[in-house]
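Working notes, beginning with the structure itself.
Each ligand, and each atom within it, is numbered from 1 in the order the structure gives. Heavy-atom basis, side chains included; hydrogens, waters and symmetry copies ignored.
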Amino acid sequence: MSSDEQATNTASTETGTDLSGTEAGVADDSETHATAAATTSAGEPLVSVQNLEKYFWENDSLLDRLVGEDPVAVRAVDGVSFDIYEGETLGLVGESGCGKSTTGETLLRLQESTGGRVEFEGENVYEMDSGALTDFRQNAQVVFQDPFSSLDPRMTIGDIVQQPLDIHDVGTTDERRARVRDLLERVGLSTDQLDRYPHEFSGGQRQRIGIARALALEPEFLVLDEPTSALDVSVQAQVLNLLEDLQNEFDLTYLLISHDLSVIRHICDRVAVMYLGEIVEIGPVEELFDNPKHPYTKALLESVPRATTDERERDRETLAGDVPSPRNPPSGCRFRTRCPMVIPPEGMQIEQETFREIMTARERIENRDISLETVGGDQIELEDGSVPSEDVPAFVDLLHERLFDEPLPQRHRERVDEAFAELADTNWEAAESTLRTEYETVCERVNPGLGEGGHPVACHLYGEAGDSANAADPDSWS
Ligand SMILES: Nc1ncnc2c1ncn2[C@@H]1O[C@H](COP(=O)(O)OP(=O)(O)OP(=O)(O)O)[C@@H](O)[C@H]1O
């Protein structure tokens, strides 16, 4: 932190909390959050997001059509529903690219949706006339991640904070100036700095300027899109504390977008977990951290760095692989291609690791992502692209070695051999079908849907109410 910032940050350092202490550092806030969640969840929501959908279209230009390219939908937000109650902070968490920012921008109507509905105080924001839309734009503001690029470098900070008041023609010039001074002080900056430019400020101070600008029109609701990710850890805690103070003072409601679970835990009342365009779990913050249900939420929590040596040493189920493309999301449960708890077909006894390896082999066959030539190497010479019949057993063995860490149990070995022999004959469809018939899982057939209740989860391991009473026993698959 710069000395400049130290001098002006007294308001928030009084309540400063070190986020780097993760769990220990944030635990004190939990009671306040739990109470807030309980009290704010009553009554009508301030913001209600219903089946929100935002698809971007690629290959959709005239030129693409002339050269015969088919348009491809990028399903950035794909049927997302949640409510935000007055005075609460709802966190939206998930890995990069899962659709958090697009959700925030679409619900503010900074981007048009391609489906679904968003209600603000009961009114559909996509059907507002221009008067209602102007009111909505005053009432619902955004703070972006990057305080460096979101402030115009040619404007003084006084003008930056005043700009929304000018645009909406609020008050007289003197009143606007007075409000700007008041806002700057409120966010911990000095009014002596009014005529200075953004580059003269540190990252934390610039984010304070962004927050002051967002508050200029006295909004009720703020979308905070990764408001602290560009800042040093010590400054992050101060900015979060400032946001909490401002929330209490001005009765604000927040949607906080973050990939950082320690930030979420520090400030949120409830959390929605997003994966590949969908919400997979939503619940009160403490409950979700103490009793995560979705395997994705569990994996996210497991991948948070731990403070103590003991915790660091314990086994972690980290998230394997990358998020699949939203251009072609997996069928059924979108997390199934990375899930460590995929449900095997009914009655099948199989180790989860073995089942996962067979699923990966299936995916590669379905994607035609195996080269017979490479598998055969120097040992097998293909004839017309196929493996000669006398070499099929050797080919099957080589493919087993490539795709499986351990030899398969006999029963599975026989079925997989059958598929690999079909593959040797370049009969991809038959190989696909042989394995699908035996190993298809409910996780790939059916999208589980989020369900209802206070802590719903979109996972076949749980019943509709999100409780695990009806679920198959996950322990038996590890
Ligand atoms: N204008 C666009 N055109 C095409 N695809 C887009 C566009 N904007 C976003 N996407 C895609 O939509 C998906 C969701 O992006 P989004 O930025 O909402 O995710 P995010 O969770 O906020 O990630 P990050 O934290 O990295 O910003 C990504 O795959 C992204 O590449």
Side-chain angles (χ1 to χ4, degrees), residues 47 49 51-65 69-82 84 89-116 118 140-150 203 207 210 222-231 236 239-240 254-268 271-282 294 296-297 299-301 303-304 319 321-330 334-335 337-338 450 458:
V47 181
V49 176
N51 247 327
L52 184 65
E53 183 191 284
K54 176 67 182 175
Y55 290 3
F56 297 103
W57 288 94
E58 289 182 344
N59 299 345
D60 201 23
S61 69
L62 186 59
L63 182 64
D64 288 323
R65 265 171 268 151
E69 296 274 8
D70 288 330
V72 179
V74 180
R75 299 156 121 194
V77 179
D78 207 3
V80 157
S81 301
F82 54 82
I84 312 176
T89 301
L90 178 72
L92 189 57
V93 70
E95 288 163 289
S96 180
C98 68
K100 306 181 295 296
S101 296
T102 308
T103 301
E105 287 170 21
T106 312
L107 75 81
L108 285 177
R109 217 179 143 177
L110 299 176
Q111 304 201 37
E112 290 300 318
S113 73
T114 49
V118 174
Q141 295 282 328
V142 60
V143 174
F144 289 109
Q145 165 179 359
D146 187 354
F148 297 89
S149 64
S150 62
Q207 198 54 296
L222 287 189
V223 171
L224 308 165
D225 191 350
E226 303 271 10
T228 57
S229 343
L231 309 177
Q236 282 186 13
V239 171
L240 290 177
Y254 291 153
L255 174 67
L256 175 78
I257 294 171
S258 181
H259 66 279
D260 185 337
L261 283 159
S262 61
V263 167
I264 295 280
R265 191 167 199 177
H266 185 84
I267 192 173
C268 294
V271 196
V273 182
M274 196 162 181
Y275 185 76
L276 207 49
E278 299 179 333
I279 304 286
V280 297
E281 181 167 0
I282 183 163
H294 201 284
Y296 178 60
T297 312
L300 274 184
L301 288 169
S303 57
V304 172
L319 272 164
D322 296 326
V323 184
S325 167
R327 285 156 196 80
N328 183 23
R334 293 186 176 176
F335 187 56
T337 55
R338 301 166 79 198
L450 187 60

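- In this structure, the side chain of Gln207 engages the main chain of Phe144 through a donor-acceptor pair within 3.5 Å.
- If you run side-chain contact (heavy atoms from CB on, under 4.5 Å) between Leu92 and each of Asp225, Val273, Ile257, Val271, only Ile257 comes through.
- Near Gly97, meaning under 4.0 Å from any of its heavy atoms, are these atoms of ligand 1: 13 (C), 14 (C), 19 (O), 20 (P), 21 (O), 23 (O), 24 (P), 26 (O), 28 (C), 29 (O).
- What sits closest to atom 6 (C) of ligand 1 on the protein, heavy atoms only, is Phe56 CD1, 3.4 Å.
- Between Pro326 and ligand 1 there is a heavy-atom distance shorter than 4.0 Å.
- Given atom 12 (O) of ligand 1, the protein heavy atom at minimum distance is Ala76 CB, 3.3 Å.
- Residue contacts with ligand 1 include Glu95, since one of its heavy atoms falls under 4.0 Å from the ligand.
- Which of Ser101, Ser96, Gly277 comes nearest to atom 26 (O) of ligand 1 through a heavy atom is settled by distance: it is Ser96.
- Between the side chain of Thr114 and the backbone N or O of Glu53, at least one donor-acceptor pair lies under 3.5 Å.
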* Go through Phe82 and Leu90 one step at a time and tell me if the side-chain contact (heavy atoms from CB on, under 4.5 Å) criterion holds. => CA-CA 9 Å; Phe82 54 82; Leu90 178 72; 3.5 Å; yes
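- The presence of a protein heavy atom under 4.0 Å from atom 31 (O) of ligand 1 is ruled out.
- In this structure, CG on Leu276 lies 9.5 Å from CZ on Arg75, to the nearest 0.5 angstrom.
- Checking only distances, Lys100 does come within under 3.5 Å of ligand 1, N or O to N or O.
- Distance alone, capped at 3.5 Å, is enough to place a donor-acceptor pair between the Lys100 side chain and the Glu95 backbone.
- With hydrogens and angles ignored, the 3.5 Å screen pairs no side-chain donor or acceptor of Glu105 with any backbone N or O of Leu110.
- With hydrogens left out, the protein atom closest to atom 19 (O) of ligand 1 is Gly99 N, 3.2 Å, a heavy atom.
- Here the options are Asp78, Thr106, Val74, the test is side-chain contact (heavy atoms from CB on, under 4.5 Å), and the partner is Lys54; only Thr106 passes.
- Of the listed options Val72, Thr102, Val74, Thr102 places a heavy atom closest to atom 16 (P) of ligand 1.
- Counting only heavy atoms, the protein gets under 4.0 Å from atom 9 (C) of ligand 1.
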